[in-house]
Engineer: 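Right, I'll just put the structure down here and ask away after.
In this chain, residues are counted from 1 in sequence order. Ligands are counted one by one from 1 in listed order, and the atoms in each one are counted from 1 as well.
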Amino acid sequence: MPPVTFPLSWDIFCNVIDNYGDIGVTWRLARQLTHEHAQRVRLWVDDLHSFARLCPGISPNLARQDYRGIEVLHWGEELPADALPGDVVLDAFGCTLPEDFLMAMTRCRRAPVWINLEYLTAEDWVDCCHGMVSPHQKYDLTRHFFFPGFSARTGGIIAERDIEVEARRWQQQPELKSEFLQSLGLPARDPEALYVSLFAYENPAIGELLRHWAAGPQRVVCLIPEGRILGDVCASLTGQPLSAGDSYQSGALSLHILPFSDQDSYDRLLWSCDVNFVRGEDSFVRAQLAGKPMVWHIYPQEDSAHWVKLDAFCTRYLQGVAPEVQQAMLALNHAWNHGQSIVPAWRQFIDKRLELEIHAAEWPRTMLAGGNLATRLMDFVSAQRPTPV
Ligand code: TRH
């Protein structure tokens, strides 16, 4: 199918459930469709305050604003009267489209391509479910399920066209890393230290890990963006509350609390570290794109479905890697997600750091072999809507 060569108009709907993953992914997609595929994007977001945290240029109190070529609308109770659906309507992560908007979709001369963007998983079943359709029960509309994933038969992984090149360029220039750290008010990079970024949910294992790092002998610089792990961090140190700008030194450990930054700066943080602890969905993908060893705090689900997802990812990620290296990665990810027995698992992981580094540096190419998510989405839309109206 030839690629779409004309700009389509897109409506992307994002309901921020909690945390930053939903808005993180939709904002990234909106940017990519606009800047790399010349599409016209309207992004509807129900919580602009969360949005503004990872994109400080957004004004949380405006009903409508243009930012970096994207029209951002506050998705409130009532839709603006002139909200006519675009050529493509995408609801992210199963959010429910407003009834008025659905009705407006039925009135379009040509029904919009309607896509539900699902959460990312490495499980095999997505190969069969990607692209499935579901007719609307009430209206003459068809919804398509678009599953991100790691295989050629899925919707792929969200990643900007040049992200690998940018990350490598950054990592090959130690002075860029040092300048970046200094821009955060931190000392220039210590070439002897291990740099660890740590973005995670609450986790009782953090105290044990910090004490282990403090005991040395390896110097560790631990950089923690403000977030849910801070309570456990401060409980395990002095008990005093911690906030952005605070630092703590104990033995071989230097710990710094960073302000929550915009997405691009967060990438630079990941590119500047040797090991990245990440969580959820989007930071998990960014750590893979950074090409460095990583530890994933998966978003916990009530029915424990996250364990299956964690293992499915590890199996896919570690294909072709020596068994003892696989074991090291698996053990640390399990220990971190269980919130216990972290030190033996950390030791094992660090022991295999070189092998894990080599693998992590190769992984982005494997993962993006069939094209990134935005490219596959454009192809998908082309297939549904091959000619301009
Ligand atoms: O915030 P999260 O825990 O989001 C989660 C997951 O998406 C999960 O799948 C979903 O079900 C749940 O929310 C509701 O983690 P995630 O996905 O990594 O999103 C964090 C976003 O914040 C990501 O886009 C990176 C960005 N970020 C910054 O921009 N600056 C920062 O300083 C940090 C730490 C993160």
Engineer: To check your reading of the model: name the closest protein heavy atom to atom 10 (C) of ligand 1, its residue, and the distance in Å.
Structural biologist: Tyr119 CE2, 4.0 Å
Engineer: Is the shortest side-chain N to carboxylate O distance from Arg189 to Asp274 below 4.0 Å?
Structural biologist: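 Yes, this pair counts.
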Engineer: With respect to Asp22, determine whether any N or O atom, backbone or side chain, lies less than 3.5 Å from an N or O atom of ligand 1.
Structural biologist: no
Engineer: Non-hydrogen atoms of Phe93 versus ligand 1: any pair closer than 4.0 Å?
Structural biologist: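 In this structure, Phe93 fails to qualify as a contact of ligand 1 - no heavy atom is under 4.0 Å.
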Engineer: With Arg279 as the cation and Tyr299 as the aromatic partner, state whether NZ or CZ is under 6.0 Å from the six-membered ring centre and within 45° of the axis.
Structural biologist: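 No, Arg279 does not lie over the aromatic ring of Tyr299.
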Engineer: Under 4.0 Å from ligand 1, counting heavy atoms only, is it the side chain of Tyr266, its backbone, both or neither?
Structural biologist: side chain
Engineer: Under 6.0 Å from the ring centre and within 45 degrees of the ring axis: does the NZ or CZ of Arg228 meet both conditions for the six-membered ring of Tyr201?
Structural biologist: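 No, Arg228 does not sit over the ring of Tyr201.
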Engineer: Side chain, backbone, both or neither: which part of Asp262 comes within less than 4.0 Å of ligand 1 when only heavy atoms are counted?
Structural biologist: backbone
Engineer: Would you mind checking which non-hydrogen protein atom is closest to atom 23 (C) of ligand 1, with the distance to 0.1 Å?
Structural biologist: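 Result: Asp282 OD2, 3.3 Å.
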Engineer: Considering Leu54, Ile158, Val16, Ile224 one by one, which has a heavy atom nearer to atom 26 (C) of ligand 1 than any of the others?
Structural biologist: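 Heavy atom nearest to atom 26 (C) of ligand 1 belongs to Leu54.
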Engineer: Just checking Trp125 against Phe147, ring centres under 6.0 Å apart?
Structural biologist: yes
Engineer: Aromatic ring centroids of Phe146 and His130 under 6.0 Å?
Structural biologist: yes
Engineer: What protein heavy atom is closest to atom 21 (C) of ligand 1, reported as residue, atom name and distance in Å?
Structural biologist: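 Here the closest protein heavy atom is Tyr20 CB, 3.6 Å.
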Engineer: Run down the list Arg279, Gln263, Arg53, Arg28 and name the one with the heavy atom closest to atom 2 (P) of ligand 1.
Structural biologist: Arg279
Engineer: When the ring centroid of His334 is compared with that of Trp307, is the distance short of 6.0 Å?
Structural biologist: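 Yes, the ring centres sit under 6.0 Å apart.
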Engineer: Identify the protein heavy atom lying closest to atom 18 (O) of ligand 1, giving its residue, its atom name and the separation to 0.1 Å.
Structural biologist: Ser283 OG, 2.6 Å
Engineer: With a heavy-atom distance limit of 4.0 Å, tell me whether Ser261 approaches ligand 1 through its side chain, its backbone, both, or neither.
Structural biologist: both
Engineer: For atom 7 (O) of ligand 1, which protein heavy atom lies nearest, and how many Å away is it?
Structural biologist: Gly21 CA, 3.0 Å
Engineer: Heavy-atom contacts under 4.0 Å between Tyr201 and ligand 1: side chain, backbone, both, or neither?
Structural biologist: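 It is the side chain that gets close, since no backbone atom is under 4.0 Å.
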Engineer: Ring centroids only, cut at 6.0 angstrom: are Trp213 and Trp346 within range, meaning strictly under it?
Structural biologist: yes
Engineer: Output all residues satisfying side-chain contact (heavy atoms from CB on, under 4.5 Å) with Gln301, sequence neighbours left out; order by chain, then residue number.
Structural biologist: Asp303, Ala305, His306, Lys309
Engineer: Asn19 heavy atoms, cut-off 4.0 Å: which ligand 1 atoms fall inside?
Structural biologist: 1 (O), 2 (P), 3 (O), 4 (O), 5 (C), 13 (O)
Engineer: Of all the non-hydrogen atoms in the protein, which one sits nearest to atom 35 (C) of ligand 1, and at what distance?
Structural biologist: Phe260 CZ, 3.5 Å
Engineer: Within a distance under 4.0 Å of any heavy atom of Glu281, pick out the atoms of ligand 1 and give their elements.
Structural biologist: 6 (C), 7 (O), 9 (O), 16 (P), 17 (O), 18 (O)
Engineer: Give the ring-plane orientation class for His359 versus Tyr317, where under 30° counts as parallel, over 60° as perpendicular and anything between as tilted.
Structural biologist: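 His359 vs Tyr317 ring planes: perpendicular.
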Engineer: For ligand 1, indicate whether the residue Tyr299 contacts it via side chain, backbone, both or neither (heavy-atom separation under 4.0 Å).
Structural biologist: side chain
Engineer: State which residue, out of Arg64, Arg42, Gln65, Arg40, fulfils the side chain to side chain donor-acceptor pair (under 3.5 Å) condition with Glu71.
Structural biologist: Arg64
Engineer: Would you say that more than 12 heavy atoms from the other residues, nucleotides or ligands in this model lie under 6.0 Å from the CD of Glu78, or not?
Structural biologist: no
Engineer: For Glu36, which residues count as a salt bridge (Lys or Arg N to Asp or Glu O under 4.0 Å) partner, sequence neighbours excluded?
Structural biologist: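 Glu36 satisfies salt bridge (Lys or Arg N to Asp or Glu O under 4.0 Å) with no other residue.
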Engineer: Nearest heavy atom to atom 6 (C) of ligand 1: which of Gly24, Ala287, Gly280, Cys55 does it belong to?
Structural biologist: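 Of the listed residues, Gly280 has the closest heavy atom.
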Engineer: Could you identify the single nearest non-hydrogen protein atom to atom 14 (C) of ligand 1 and state the distance to 0.1 Å?
Structural biologist: Asp18 OD1, 2.8 Å
